[in-house]
Trainee: 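Okay, here's the structure, questions in a sec.
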Amino acid sequence: MNKRILALLLAVGIMLVVHEGAIALTWAGSAAQSARSTVAVKTSLSGEVVRQVNRERTGRGLGALRVSAELSRAARIRASEITRKFSHTRPDGTAWRTVSSAAYGENIAMGQRTADKVMAAWMTSSGHRANILRASYGSIGVCAVVSGGVTYWVQLFGK
């Protein structure tokens, strides 16, 4: 890693750790928070959600969504944010869509430990299901993270 980037990360209290297919982002909290928080990104869970979304879509005659690097980046940001404030409103008070100009739809969830369970929850919710099956969407970014033993999920949809 570039020494300047590493120095910057350490200066703001962020440490990146890659272990067994997961990326852990660890940061020191504010003065009001004495404990450290760790968010482990679960890439295999994210990939399984994309696979299941495309199975749902193609089974209904819709086109498969392509994975967007931009939406995936934005989903990682939103996943980290919802571990602190589970809401479609970002921790700074702005709307979820401000995370990326490429994002047109968002599904979030927490607590489901597997891709099967989160997809079942989303598909039984009319609003979440509508996002997954919206014909005008052509791209997706997904992120699953585990923080404090709880799994958090974000899907972002784009044109």
Side-chain angles (χ1 to χ4, degrees), residues 1-2 5-56 65 67-100 102-132 139-158:
M1 177 177 278
N2 181 304
I5 294 172
L6 182 57
L8 177 63
L9 291 172
L10 292 173
V12 296
I14 298 175
M15 180 173 58
L16 300 172
V17 179
V18 178
H19 179 69
E20 296 180 8
I23 302 169
L25 306 171
T26 303
W27 60 91
S30 67
Q33 295 175 311
S34 59
R36 293 169 60 101
S37 299
T38 300
V39 177
V41 178
K42 301 296 187 174
T43 54
S44 63
L45 292 177
S46 302
E48 179 59 18
V49 166
V50 171
R51 189 186 72 72
Q52 289 189 33
V53 163
N54 283 332
R55 185 179 68 213
E56 293 287 349
L65 300 177
V67 175
S68 159
E70 170 57 18
L71 291 175
S72 297
R73 178 200 66 78
R76 282 190 301 277
I77 291 168
R78 288 293 295 132
S80 177
E81 290 176 349
I82 67 171
T83 67
R84 294 177 278 146
K85 179 184 178 191
F86 188 78
S87 173
H88 289 290
T89 301
R90 300 181 71 192
D92 67 2
T94 61
W96 65 267
R97 68 181 54 88
T98 63
V99 72
S100 172
Y104 287 85
E106 178 183 70
N107 286 346
I108 62 175
M110 67 178 281
Q112 300 85 354
R113 293 181 176 258
T114 68
D116 291 342
K117 289 185 190 248
V118 77
M119 281 298 296
W122 280 330
M123 291 305 289
T124 58
S125 162
S126 62
H128 295 104
R129 180 184 176 97
N131 274 340
I132 291 167
S139 59
I140 191 171
V142 177
C143 187
V145 300
V146 176
S147 178
V150 177
T151 306
Y152 296 84
W153 305 83
V154 174
Q155 292 178 316
L156 292 176
F157 301 92

Trainee: Quick check: closest heavy atoms across L71 and G158, and the distance to 0.1 Å?
Mentor: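 Heavy-atom minimum between the residues: CD1-N, 3.4 Å.
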Trainee: For T114 and D116, does a side-chain donor sit closer than 3.5 Å to a side-chain acceptor?
Mentor: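 Their side chains do not contain a donor-acceptor pair, so the 3.5 Å distance test is not met.
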Trainee: Strictly by modelled atom types, are E56 and Q52 linked by a side-chain donor-acceptor pair under 3.5 Å?
Mentor: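 On atom types as modelled, these side chains do not qualify, holding no pair under 3.5 Å.
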Trainee: With rounding to the nearest 0.5 Å, note down the distance linking OG1 in T83 to CZ in R78.
Mentor: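 Output value for this atom pair is 10.5 Å.
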Trainee: Under 3.5 Å, is there a donor-acceptor pair between the side chain of W153 and the main chain of V118?
Mentor: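 It does not hold such a pair.
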Trainee: Would you say K117 has more than 12 foreign heavy atoms packed within less than 6.0 Å of its NZ?
Mentor: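 Counting neighbours around NZ of K117, 12 or fewer heavy atoms of other residues, nucleotides or ligands fall under 6.0 Å, so no.
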Trainee: Can you give me the closest heavy-atom contact between R90 and A95, atom names plus distance?
Mentor: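 For R90 versus A95, the nearest heavy atoms are CD-O, 3.4 Å.
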Trainee: Can you name the nearest heavy-atom pair linking A74 to V99, along with the distance?
Mentor: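 Looking at all heavy atoms of both residues, the closest pair is O-CG2, 3.7 Å.
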Trainee: Any chance you could measure S80, atom OG, to Y152, atom OH, to the nearest 0.5 Å?
Mentor: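 So the gap between those two atoms works out to 11.0 Å.
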Trainee: Step by step, work out the side-chain contact (heavy atoms from CB on, under 4.5 Å) result for S100 and R73.
Mentor: CA-CA 9 Å; S100 172; R73 178 200 66 78; 4.2 Å; yes
Trainee: Please report the closest heavy-atom contact between I82 and A109, naming both atoms and the distance.
Mentor: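 Where I82 meets A109 most closely, the heavy atoms are CD1-O, 4.1 Å.
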Trainee: Which atoms form the tightest heavy-atom contact between F157 and E106, and what is the distance?
Mentor: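 It is CD1-N, 4.4 Å.
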Trainee: For residues 120-127, please give each side-chain donor-acceptor pair under 3.5 Å, one per line with the distance, not counting sequence neighbours.
Mentor:
| unit_1 | atom_1 | unit_2 | atom_2 | d |
| --- | --- | --- | --- | --- |
| W122 | NE1 | I108 | O | 3.3 |
| T124 | OG1 | A120 | O | 3.1 |
| T124 | OG1 | A121 | O | 3.1 |
| S125 | OG | H128 | ND1 | 2.6 |

Trainee: To the nearest 0.5 Å, what is the distance between CG (N131) and CD (Q155)?
Mentor: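 Atom-to-atom, N131:CG and Q155:CD are 8.0 Å apart.
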Trainee: List the atom of A79, the atom of C143, and the distance in Å for their closest heavy-atom pair.
Mentor: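 Smallest heavy-atom distance, with atoms named: CB-SG, 3.8 Å.
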Trainee: Check whether more than 12 heavy atoms from other residues, nucleotides or ligands sit under 6.0 Å from atom CZ of R113, and answer yes or no.
Mentor: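 Not more than 12 within 6.0 Å, no.
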